[in-house]
Protein chains: 2
Amino acid sequence: MTVIFETIRSKKGETMQPLTNAPRPRGRPRGFKIDQALDAAVHVFWQEGYNGASIDRLCRETEMPRASLYQEYGGKEGLFLAAIAHYVETRLGPVAQSLGPVGTLEEDLTAFFEAVVTLATLDSRTPGCLISCVLAEVAGANGTFRQELKTRFAALEDRIAQRLEHDGIGVEPKDQTALAGMLAAIARGIMLRARSGASSADLHPIAEAAVQCAIARGR
Amino acid sequence: MTVIFETIRSKKGETMQPLTNAPRPRGRPRGFKIDQALDAAVHVFWQEGYNGASIDRLCRETEMPRASLYQEYGGKEGLFLAAIAHYVETRLGPVAQSLGPVGTLEEDLTAFFEAVVTLATLDSRTPGCLISCVLAEVAGANGTFRQELKTRFAALEDRIAQRLEHDGIGVEPKDQTALAGMLAAIARGIMLRARSGASSADLHPIAEAAVQCAIARGR
DNA sequence: ATTTTTTAAGAATGATCATTCTGTATATTG
DNA sequence: CAATATACAGAATGATCATTCTTAAAAAAT
């Protein structure tokens with residue numbers, strides 16, 4: 001009986017290889033799916049924090065053998081960074097994507113903050129944001145993580161600034177950057193409030209206020 | 001030789017007792033100062049995070065004997081909560097106090113956000129905010145800490161709402177609450193950006209934008 | 001079939017963790 | 001000077017931590 005393999009060996013789950021003619025690698029095949037494993041790792045870190053997440057628990061939930069974890073990611077730090085990247089691809093990416101531009105600035109910002117609130121409150125076991133609530137803590141004592149946080153933060157601010165620029169907000173670039181930074185700060189503040197147990201209904205008024213402030217600025 | 005004692009036995013360093021006539025307690029006197037110890041504990045937790053701060057290090061930096069730490073605070077969790085309270089009294093309190101009212105709303109909000117930026121960037125070893133960056137992380141897995149976070153967050157929002165009310169901002173209470181929530185979110189977003197290494201100069205434009213948004217709303 | 005290559009399962013390791021315990025020092029009280 | 005009470009210093013404890021190592025399993029290659 002011939003078995004069709006789902007994935008080909010590749011570091012990430014980036015692009016699925018065609019299912020046919022896949023040259024199966026040499027040794028024993030993996031018993032775990034990288035994407036599922038990273039999903040699970042994201043979940044554990046998101047819930048327990050970096051130092052609170054033990055390798056034991058990570059191995060159990062990712063269904064990854066200890067040896068494979070160290071082989072693939074070099075250790076806990078590497079797995080965490082991989083989980084962050086996976087989180088950005090699968091969770092934060094779509095949120096940023098909702099900025100469009102697809103509609104008016106007001107519509108797009110509303111969609112964006114809506115997505116922020118939803119992400120932060122969707123699962124009560126993982127409130128808030130992996131980056132704003134977990135990576136931010138360990139950034140205090142770990143230079144690698146601090147740099148990672150800086151990069152991730154900059155990416156969102158650039159994305160927002162780009163959307164503002166599309167509508168010609170902020171004649172002076174300085175104002176535009178400041179406004180984008182402020183909107184990003186609000187998004188992160190919403191994530192933090194969600195971490196304290198705030199519901200979607202609690203956060204919606206804040207999101208609305210943010211949108212009103214932004215478009216008032218554009219006029 | 002008669003020695004004048006600095007402090008009287010009391011759980012906190014709330015109010016210094018008069019230096020005379022202090023009935024010295026029975027046994028061996030303490031070899032550490034509670035206020036200094038809490039300052040040190042705040043520093044360690046702020047830098048290393050909750051799980052990253054070991055009892056060993058906490059004892060060393062607070063100059064508190066292990067036994068005294070457990071006697072006084074019951075354990076790491078109790079010490080952390082005491083450190084949070086001390087942080088609120090000594091650090092966050094003055095920041096909230098700068099809201100006044102002492103000047104115009106614009107002046108007071110400017111002073112407030114100025115104080116936020118300063119607190120978050122003053123010491124590069126402790127960037128950000130103990131509550132927004134450290135307590136928020138452990139709130140994910142610990143119900144006690146989540147409740148504490150909720151309470152501390154609510155306190156700041158109430159304080160901001162109170163200041164807005166003083167100027168008659170937000171005819172509808174709903175708008176006022178939302179605006180206060182948004183301003184608090186910005187303050188926390190600023191704390192987070194500081195955690196990534198942002199300087200005071202990086203954060204000032206965001207603070208200014210926040211003030212402009214708020215007073216534009218009031219008009 | 002044998003060899004080669006990769007993964008799996010989990011024991012082993014040594015460090016570090018939070019907490020408790022033991023004995024001693026330093027004070028007041030009687 | 002006892003007796004009592006509190007704090008100290010640090011050893012002891014047992015759990016848990018991240019990481020490494022050992023051995024077996026599962027595949028392709030020869």
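What you see is a predicted model; the values in this text were computed from it and never measured. Below, read A as the first sequence line, B as the second, and so on, with proteins coming before strands; counting in each chain starts at 1.
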* Are any non-hydrogen side-chain atoms of B/W46 and B/R125 less than 4.5 angstrom apart? -> no
* Asked: In terms of side-chain heavy atoms of B/Y70, which of C/dA27, D/dC8, C/dT20 is nearest?
  -> C/dT20
* Asked: Should B/K33 and B/D35 count as an ion pair when the cut-off is N to O under 4.0 Å?
  -> no
[X] [atom1] to [N] [atom2], straight-line distance once rounded to whole Å:
X	N	atom1	atom2	value
B/Y73	C/dT20	OH	C1'	20 Å
A/R30	D/dA27	CZ	P	15 Å
A/F32	C/dT7	CZ	C1'	9 Å
A/Q71	D/dA18	CD	P	19 Å
B/F80	C/dT19	CZ	C1'	19 Å

* Could you tell me which residues satisfy side-chain contact (heavy atoms from CB on, under 4.5 Å) with B/T177, sequence neighbours excluded, listed by chain and number? => none
* Set of side-chain contact (heavy atoms from CB on, under 4.5 Å) partners for B/C129, sequence neighbours left out -> B/Y87, B/I131, B/S132, B/M191
* Structure fact -> Quick note, salt bridge (charged side-chain N to carboxylate O under 4.0 Å, His left out) partners involving residues 39-50 of chain B, not counting sequence neighbours, are B/E48-B/R57
* Taking only residues two or more places apart in sequence or in another chain, which ones pass side chain to side chain donor-acceptor pair (under 3.5 Å) with B/T151? -> B/Q147
* Not counting sequence neighbours, which residues clear side chain to side chain donor-acceptor pair (under 3.5 Å) with A/R159? List them please. => none
Might you list the N or O atoms of the protein lying below 3.5 Å from N or O atoms in nucleotides 9-13 of chain D, with each pair's distance?
none

* Could I get the full list of salt bridge (Lys or Arg N to Asp or Glu O under 4.0 Å) partners for B/R163, not counting sequence neighbours? => B/D108, B/D167
* To do: Apply salt bridge (Lys or Arg N to Asp or Glu O under 4.0 Å) to A/D158 and list each qualifying residue two or more places apart in sequence or on a separate chain.
  => none
* To do: Scan residues 42-60 of chain B against DNA chain C and write down, sorted by residue number, each residue with any heavy atom closer than 4.0 Å; if none is found, say none.
  => B/A53, B/S54, B/I55
* For B/P29 and for B/L69, find the nucleotide of DNA chain C with the closest heavy atom, then tell me which residue's nucleotide is more 5'. => B/L69
* Using a cut-off of less than 4.0 Å, is there contact between a side-chain N or O of A/S68 and OP1 or OP2 of C/dA8? -> yes
